[in-house]
Structures are given as C-alpha cells and as structure tokens.
Student: 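Here it is, the structure, as structure tokens.
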Number of protein chains: 2
Amino acid sequence: MARPRTPLLSRERIVVAALRLIDDEGLGALSTRRLATELSVSGPSLYNHFATKDDLLDAVVDSVIGEVDLSMFGTAETTETAGTAAADGTAGTARTDGTPATPATPAALATPWAEALRDWARSYRAALAAHPNIVPVLAQGPGRRPNALRLADAVFGHLVESGWPRGQATRIGALMRYFVTGSALASFAAGFPADAEVYDAADYPHLGEAHRLAGHRGTVDEGAFETGLEALLDGLALRYARLAERS
Amino acid sequence: MARPRTPLLSRERIVVAALRLIDDEGLGALSTRRLATELSVSGPSLYNHFATKDDLLDAVVDSVIGEVDLSMFGTAETTETAGTAAADGTAGTARTDGTPATPATPAALATPWAEALRDWARSYRAALAAHPNIVPVLAQGPGRRPNALRLADAVFGHLVESGWPRGQATRIGALMRYFVTGSALASFAAGFPADAEVYDAADYPHLGEAHRLAGHRGTVDEGAFETGLEALLDGLALRYARLAERS
DNA sequence: ACCTGAACACCGTTCAAGT
DNA sequence: ACCTGAACACCGTTCAAGT
C-alpha cells in the first residue's frame, strides 16, 4: 500500500498504544516491532514519527507527567504574600485557643505551602502509581521534557515565594521527588511473596505474617505513603518555623 | 576445548562482572552474550551457573543488598527496653534545662530507634547509590532473596521491639524504602540539563539557575537526602510521642 | 560437570522502493 | 510525506556434541 491518503499513525496514537503496552506487560514488552504490530503497521513505520525508541519513551513519560495537578501552586498573585506568611509562621509552637503546644497538633496543617505540597504529592503519586512500569525512566529527571520542567518550575517557585531560601527549596523539591517516585516505583506489600513457606522462622523471626502483605497491597502502600507524607511535612514545618526564629 | 580441568566460571565471578557492566554502562548493556565475552567464554556457558538472566540479576541484586549494614538493629537484649523508651518519649515538648519547647530541638535526636533508623538509612542509601542502575530491579521488593528478607526482618523487628504497633512498623519500613530507593534511583541534580538554553524564562520563570545543578550533583543530592531523612525521623518521633500519650 | 557452535525466534534501526 | 520489505548487527535460550 505504501503511503495512504490519510496517515495510519500519529504521535498521539503511538504514545497511547506504547503506554498501554508498558502498563499491561512491562517496559521489557515494549519493542518497536511489537508496538507496530499492535498498531497494525510494519516496524519501521514508527520512525516516520519518532527518531528513536528513546524519543518515543520520552513522549510517553511526558504524557504521564502531564497528568499531575499543579493548580495548587496557583499564580504569583496568590502566593506573593509569602514574606508575611513566613513572618508569622510559628508553625505550631503555640495556639490561639490557649492549648499547649504539643506534637499532637501537626504544624503542617496550618501552613499554606505544606498544604499545597501535600495536594501536589498526592496527585503526583497517583499519576505515577497508575503507570509504575515507566517510573524508572521518568525518575531519571526532567531532561528536556516540557511537562517535567513545568512541574519542577512550579514546585520550586512556590517554595521560594513562600519564604524558603533557594537552596532549601531545591532540596525540598528533590526529597519530595525521592519519596514520590520511590512510592510509585513498586508496591512494598507486593514485593513479599504470598507463599508462607518463604519466611522460615529460623532465618526471619519477625516475618511470620509477611505472606499476608500482598493481599493487603492497596491499603498497606496507601497507608505508608500517607504516613510518610505527613511525617515529612511535619518535619519540614519544624524547619520552616526555625527560619522565622532567626529573622 | 569443551570442559576444562578447572572451571572457567563461578557464580561469584559472573555476578561481579555483571555488576560492573551494569554500573559502567547501564542495565541495558547487560546481555548474556556481552557478559560472556567480558568473561572470555561463549554465551551459553552462563547457563551452567544460572537458569535464566533473571536468576543472574537476582543474585546481583542480593549481593548489593548484602552491603547494607544492619548491625545497628542489634540483638533482642539491647532493644527490649522499648516499653520504657516509649513511656518517656516526650519528644521535645519540654526540656530539663528549662528552655522552652521549640522545634529547634528535633525529637529524633534522643530516640534510640530513630538513631538506628538514621544509621541504617544512610548505609542503605550508600549501598544503593553506588549502583544506581540496578535500583529499579531491587525496588521490586525482597522476593525470595535472602539478604533482602534479612533486611526487612531486621527493620520490622527492631521497630516492633521499640514499641511501634505492628501495622505502623510495616508502614515505616515501607516509607523508608520509598525514600531510600527514590533517592538512590537517580540523581535529582543530574536530571537537569547543564545547557542553559533549555530553561526559557518565558516557560520556566523560576529555573534560571537550574543549569548549574548538575555541576553540584553530589552536594545537592546529599543535602536533599539528609534534609528529608531528618524531617522524616522528626515527623515519626512526633507520632511515637503520641503513642505514649494514649497509654 | 562444564564448555562449545549451531540454531530459533526475537530485537532497534537503516535504506531503497513505492505512491 | 508516509508506508513497505529486505537487510544488518544484535538479543535470550535450547540443544546436541565434546571431554
């Protein structure tokens, strides 16, 4: 047939099919020939739309990152009052209702940047966890992918405008990515074989119940992510309060 | 030559060569044929020592996990006083020297389980960061690999003996793995191209200095890991203190 | 038991040829 | 411009053959 009147392929169609293949059968199952078959064309056809397989993967990755909600970082207007926010950011050392300052009142609850970070982290994780097999590629960094750069820009900008020093803002962006990519890369619970025979009491005295983990996969991983996220935000809020003390 | 008097290969020798290849050129560079060439044998020879390439990868992964220090989790004797530790775990709400309770005194500093967790996390990250290309494989979970199961057993056992409820201990093990694997999977700093042209001010108003990141790769990632680790431990210490309050 | 070469069904990518 | 089949240098793995 050679060249059809209306093109058989488009970058969009290729990206969608590639992501489905990766989701269903893993990164290893994505071959140009297999993908072409799935799209009912011959292997080399793909090279009319992407220079290399890596180029195609880049597009797939950026389509996933594009799903992450960044709206909580708002515009400059809504966040440019950061200076005053930092000034009264006493972050839970005392409360206006007279109750004593205790750890039972997580500082992060009252801190706008922490709320934004929490919402973003949840959206980020949801987008990645929907496509765990591509996380190793995506975790290599933004590279030149526009959605990934937009994400980094929004997070860093919001933190700086909230009063964080630039060096700290960079570190927070990095450590949040560590945590989110790590949590989306693979299920913790599913990593433990459901076969009880694996956990010989002589070798692993505390893993007697580990074979049950895989069955509760969803709740275990969700709970671990939420616990870690709140712990991180509380820890960061402590540091934010120390910034205000020094000034 | 067929069968030599003394074997040309051993599992040990194969694993070492495979890890070097992965470290130097990435997971994609590890092919059975290439590895065999590196070892001066023919491709199929490897199948006398490993059933499949996946089997070989499992052995490589477990050799890396074997480098992680677990000695800080000690024996049952040294950690079974956890009940009392929990009882006075006031976690920085007040200090004996009369200074006011401020977040400037991180609770995690005084908490034995947190100290153990910190030392372990650093060793864990160091072992993984030395071999970032294999982290995606390793992050899939312990599977049936003995060193990975030993690690999970030690962490979980120590937390439970320190007074954490089993469900919480599971979540902490999971979230620590999220953070450590995420931080070792790829450099945050190196993920940003050093080419300043990438960061168009119109598209990414806050990334004007991002091209400098890759140059400070080591310190940026180290700093982010340490900040995140301390924040996590402080956040967990707040929760540990709340456990004591309720009892 | 442990290595070899030949073989099978795969890869990513290039390229000349078709419309 | 966009598709095709043929071709090249690769893959993981099996297997019969050698000592």
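Keep in mind that this is a model prediction, so the values were computed, not measured. Chain identifiers are assigned alphabetically (A, B, ...) following the order of the sequence lines, protein sequences preceding nucleic acid strands; residue numbering begins at 1 within each chain.
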Student: Mind calculating the distance between CG (A/Leu27) and P (C/dG12) to the nearest angstrom?
Tutor: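 Nearest whole value for this atom pair: 12 Å.
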Student: Between C/dC3 atom P and B/Leu8 atom CG, what is the distance in whole Å?
Tutor: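 After rounding, the reported distance stands at 5 Å.
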Student: Are B/Arg122 and B/Glu226 close enough for a salt bridge, meaning some N to O gap below 4.0 Å?
Tutor: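 Yes, this pair counts.
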Student: Please tell me which of the listed nucleotides, D/dT4, D/dT13, C/dT4, lies nearest to the side chain of B/Thr32?
Tutor: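 Selected nucleotide: D/dT13.
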Student: According to a strict under-4.0 Å criterion, is A/Ser45 in side-chain N/O contact with OP1 or OP2 of D/dC3?
Tutor: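 So the side chain of A/Ser45 is outside the cut-off, no N or O lying under 4.0 Å from OP1 or OP2 of D/dC3.
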Student: Please report the distance, rounded to the nearest Å, between CZ in A/Arg11 and P in D/dC3.
Tutor: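 From A/Arg11 CZ to D/dC3 P: 14 Å.
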Student: What nucleotide among C/dT4, D/dG18, C/dT14 has an atom nearest to a side-chain atom of B/Arg3?
Tutor: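 Closest nucleotide among those given: D/dG18.
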Student: Using heavy-atom distances to pick each residue's nearest nucleotide on DNA chain D, tell me which of B/Ala29 and A/Gly43 is more 5'.
Tutor: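 The 5'-side residue here is A/Gly43.
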Student: To the nearest Å, give me how far apart OH (A/Tyr47) and P (D/dG5) are.
Tutor: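 Taking OH of A/Tyr47 and P of D/dG5, I get 16 Å after rounding.
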Student: In whole Å, what is the span from the CZ atom of A/Phe50 to the P atom of C/dG12?
Tutor: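 Taking atom P of C/dG12 as the reference, CZ of A/Phe50 is at 15 Å.
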Student: Using whole Å, report how far NZ of A/Lys53 lies from P of C/dC11.
Tutor: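 So the two atoms are 9 Å apart, to the nearest Å.
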Student: Is B/Ser31 near enough to D/dC11 that one of its side-chain N or O atoms lies under 4.0 angstrom from OP1 or OP2?
Tutor: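 It does, given that an N or O in the side chain of B/Ser31 lies less than 4.0 Å from OP1 or OP2 of D/dC11.
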Student: Using Watson-Crick or G-U wobble geometry with both distances under 3.5 Å, which nucleotide pairs with C/dT19?
Tutor: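 In the structure as shown, C/dT19 has D/dA1 as its Watson-Crick or wobble partner.
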Student: For C/dA6, give the paired nucleotide (Watson-Crick: N1-N3 plus N6-O4 or O6-N4; G-U: N1-O2 and O6-N3; both under 3.5 Å), or none.
Tutor: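 Partner of C/dA6: D/dT14.
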Student: Just to be sure I understand the rule, does A/Leu30 reach a base, reach only the sugar-phosphate, or reach nothing, if contact means heavy atoms closer than 4.0 Å?
Tutor: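 Sugar-phosphate, no base atom in range.
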Student: So, OP1 or OP2 of D/dA1: does either fall under 4.0 Å of a side-chain N or O from A/His49?
Tutor: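 No, because none of the side-chain N or O atoms of A/His49 sits under 4.0 Å from OP1 or OP2 of D/dA1.
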Student: Tell me whether the rings of A/Phe73 and A/His158 are parallel (<30°), tilted (30 to 60°) or perpendicular (>60°).
Tutor: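 Geometry flag for A/His158 against A/Phe73: tilted rings.
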Student: Rounding to a whole Å, what distance do you find between A/Arg33:CZ and C/dT13:C1'?
Tutor: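 Distance, rounded to whole Å: 9 Å.
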Student: Rounding to a whole Å, what distance do you find between B/Ile14:CD1 and C/dC3:P?
Tutor: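 From B/Ile14 CD1 to C/dC3 P: 8 Å.
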Student: Please tell me whether B/Ser71 and B/Asp69 have a donor and an acceptor in their side chains that are separated by less than 3.5 angstrom.
Tutor: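 B/Ser71 vs B/Asp69: donor-acceptor pair found between side chains.
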Student: Taking the side chain of B/Pro4 as its heavy atoms from C-beta onward, which of D/dG5, C/dC2, D/dC2 lies nearest to it?
Tutor: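 So the nucleotide nearest the side chain must be C/dC2.
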Student: Is A/Glu38 atom CD crowded by more than 12 heavy atoms from other residues, nucleotides or ligands, each under 6.0 Å away?
Tutor: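 Yes, because the 6.0 Å sphere around CD of A/Glu38 holds more than 12 heavy atoms from other groups.
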Student: With no hydrogens and no angle check, do the side chains of A/Tyr178 and B/Asp221 hold a donor and an acceptor under 3.5 Å apart?
Tutor: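 Short answer, yes.
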